[in-house]
There are 2 protein chains.
Amino acid sequence: MKMRTISELEQVIRSAGYRVTRSRLAVLHVLARADGVLDAAAIHRLGRREHPRLGRVSVYRTLDLLIELGLVRQIHGDGGCHGFARADRSEGHYLVCQSCGQVSEFPCAGLDQLLDAVARQSGFLVRGHMLQLEGLCPACRPA
Amino acid sequence: MKMRTISELEQVIRSAGYRVTRSRLAVLHVLARADGVLDAAAIHRLGRREHPRLGRVSVYRTLDLLIELGLVRQIHGDGGCHGFARADRSEGHYLVCQSCGQVSEFPCAGLDQLLDAVARQSGFLVRGHMLQLEGLCPACRPA
DNA sequence: CTCCCTGCAAACATTTTGCATATCA
DNA sequence: TGATATGCAAAATGTTTGCAGGGAG
């Protein structure tokens, strides 16, 4: 998926009949700047820097909206599965370190073929996928 | 992973230096009988049928223990990511229906190769994986 | 008999609702 | 201006901890 500019993201929101508000922009900006995965609390905290009156509630509602529009993806971690990241930054492939908790992404060539095969065999209409590997990152793995 | 009998599961618990108690047995039995994925509340409710004094707390603690021992796997669903299933019943490959919420499993030949390649490239020590496909099951997909 | 495990209650953390007000288009 | 979105407070939900008593080995 190609990377979108903030303006393009705003456009998606508008086209869907929703308003572009300060709260929503704040959340978008936070996610745009973030490299990795953030949880709702972090998004709220960072969002307050640019919009101090931003409420927790709006963060949740905005995230719901962005997920519905396909702009944001929810990441399900091992402990507390409450991460969010921009969908166009990620392909849905994550490496989660069980020691330091860091999440990184990886390219995964060949997965699509595999998914096609599964779809054919199961009769399932596949609309998305998530592949997570758990283990130890290079920094945490024993020598 | 081969399917284990309840006695074998008990043995694993004992070997690890833990006691086999009524609460733990109740949770094991519930998970053994269940076909799909259950959340903590469901496990508690069903477990009470066989052990009425079973407390919520013990369910959580038992699940932690079983995960630690590798007997149970945690499933991260879309809404409320709090499912649990016996590890020896599952390979970590799930199809989640976005309409009816049903979770089923699928065999996924060829994934291991793919993971090996990723491990080599990333320097990550991979200890487990989870592949989830989201979409519509045969019953829910449009004609 | 001893120590681990349990269950209760209460603390805690996170997410969702009700409602009056503010704000975008 | 009018419908939508916000933010607060409070409720609902889900999970963890403290502690006295109970049960497995």
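This is a predicted model, so every value here is computed, not measured. In what follows, chains carry the letters A, B, and so on, assigned in the order in which the sequence lines appear, proteins first and then strands, with residues in each chain numbered from 1.
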Inset, instruction - Under 4.0 Å between any heavy atoms, over every strand shown, what does A41(B) touch: base, sugar-phosphate, or nothing? Just pick one. - result: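 Nothing: the residue A41(B), judged by heavy atoms under 4.0 Å, touches no strand.
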Inset, instruction - Using a 4.0 Å heavy-atom cut-off across all strands, classify R61(B) as base, sugar-phosphate, or nothing. - result: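 The residue R61(B) makes base contact.
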Would you say [atom1] of [X] has more than 12 non-hydrogen atoms from neighbouring residues, nucleotides or ligands within 6.0 angstrom?
{"X": "E68(B)", "atom1": "CD", "value": "yes"}
{"X": "R14(B)", "atom1": "CZ", "value": "yes"}
{"X": "R56(B)", "atom1": "CZ", "value": "no"}

Calculate the interatomic distance between [X] atom [atom1] and [N] atom [atom2]; express it in whole Å.
{"X": "Q11(B)", "N": "dG25(D)", "atom1": "CD", "atom2": "P", "result": "11 Å"}
{"X": "R22(B)", "N": "dC4(C)", "atom1": "CZ", "atom2": "C1'", "result": "18 Å"}
{"X": "E10(A)", "N": "dC24(C)", "atom1": "CD", "atom2": "P", "result": "12 Å"}
{"X": "L63(A)", "N": "dA5(D)", "atom1": "CG", "atom2": "P", "result": "15 Å"}
{"X": "H44(A)", "N": "dT14(C)", "atom1": "NE2", "atom2": "P", "result": "13 Å"}

Legend entry - V20(B) and its side-chain contact (heavy atoms from CB on, under 4.5 Å) partner, picked from I13(B), L28(B), L9(B):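 For V20(B), the side-chain contact (heavy atoms from CB on, under 4.5 Å) test succeeds with only one of I13(B), L28(B), L9(B), which is I13(B).
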Legend entry - Cluster link L66(A) to Y60(A), ILVMFWY, side chain under 4.5 Å: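 No, no single cluster joins them.
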Inset, instruction - Kindly work out whether a path of hydrophobic side-chain contacts (I/L/V/M/F/W/Y, heavy atoms less than 4.5 Å apart) joins F84(A) to V57(A). - result: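 Shared cluster, no.
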Check: protein-nucleotides 20-23 of chain D nitrogen or oxygen pairs below 3.5 Å:
unit_1: dG23(D); atom_1: N2; unit_2: R19(B); atom_2: NH1; d: 2.9

Inset, instruction - Strictly below 4.0 Å, heavy-atom distances to any atom of DNA chain C: list the hits from residues 45-56 of chain B, or just say none. - result: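 When residues 45-56 of chain B is checked for heavy atoms under 4.0 Å from DNA chain C, the hits, listed by number, are H51(B), R53(B), L54(B), G55(B).
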Can you figure out which of [options] approaches the side chain of [X] most closely?
{"X": "V57(B)", "options": "dC8(D), dA5(D), dT17(D)", "value": "dT17(D)"}
{"X": "Y60(A)", "options": "dT6(D), dA25(C), dT14(C)", "value": "dT14(C)"}
{"X": "T21(B)", "options": "dT6(D), dT15(D), dC5(C)", "value": "dC5(C)"}

Report yes or no: does [X] contribute a side-chain atom to a donor-acceptor pair with the main-chain N or O of [Y] at less than 3.5 Å?
{"X": "R24(B)", "Y": "R19(B)", "result": "yes"}
{"X": "S58(B)", "Y": "L54(B)", "result": "no"}
{"X": "R141(B)", "Y": "G123(A)", "result": "yes"}
{"X": "Q121(A)", "Y": "V118(A)", "result": "no"}

Legend entry - Taking every non-hydrogen atom, the tightest pair across F124(A) and L133(B):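 Shortest heavy-atom contact: CE2-O, 4.4 Å.
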Inset, instruction - Would you indicate, yes or no, if dA24(D) has its OP1 or OP2 atom less than 4.0 angstrom from a side-chain nitrogen or oxygen of R24(B)? - result: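 The answer is no; no side-chain N or O of R24(B) sits under 4.0 Å from OP1 or OP2.
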Legend entry - Short side-chain N/O contact from S23(A) to OP1 or OP2 of dG7(D), under 4.0 Å: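 Yes, such a contact exists.
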Legend entry - Closest-nucleotide ordering on DNA chain D, the 5'-leading residue of R14(B) and D64(B):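 With D64(B) and R14(B) compared, the 5'-side residue is D64(B).
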Legend entry - Most 5' of A40(B) and V59(A) on DNA chain D, judged by nearest nucleotide: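 This one resolves to V59(A).
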Legend entry - Helical bend (five base pairs per end, nearest 10°) for the helix from dC1(C)-dG25(D) to dA25(C)-dT1(D):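 If I round to tens, the end axes sit 40° apart.
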Inset, instruction - Step by step, work out the side chain to side chain donor-acceptor pair (under 3.5 Å) result for H29(B) and R33(B). - result: CA-CA 6 Å; H29(B) 287 154; R33(B) 277 195 293 269; 5.2 Å; no
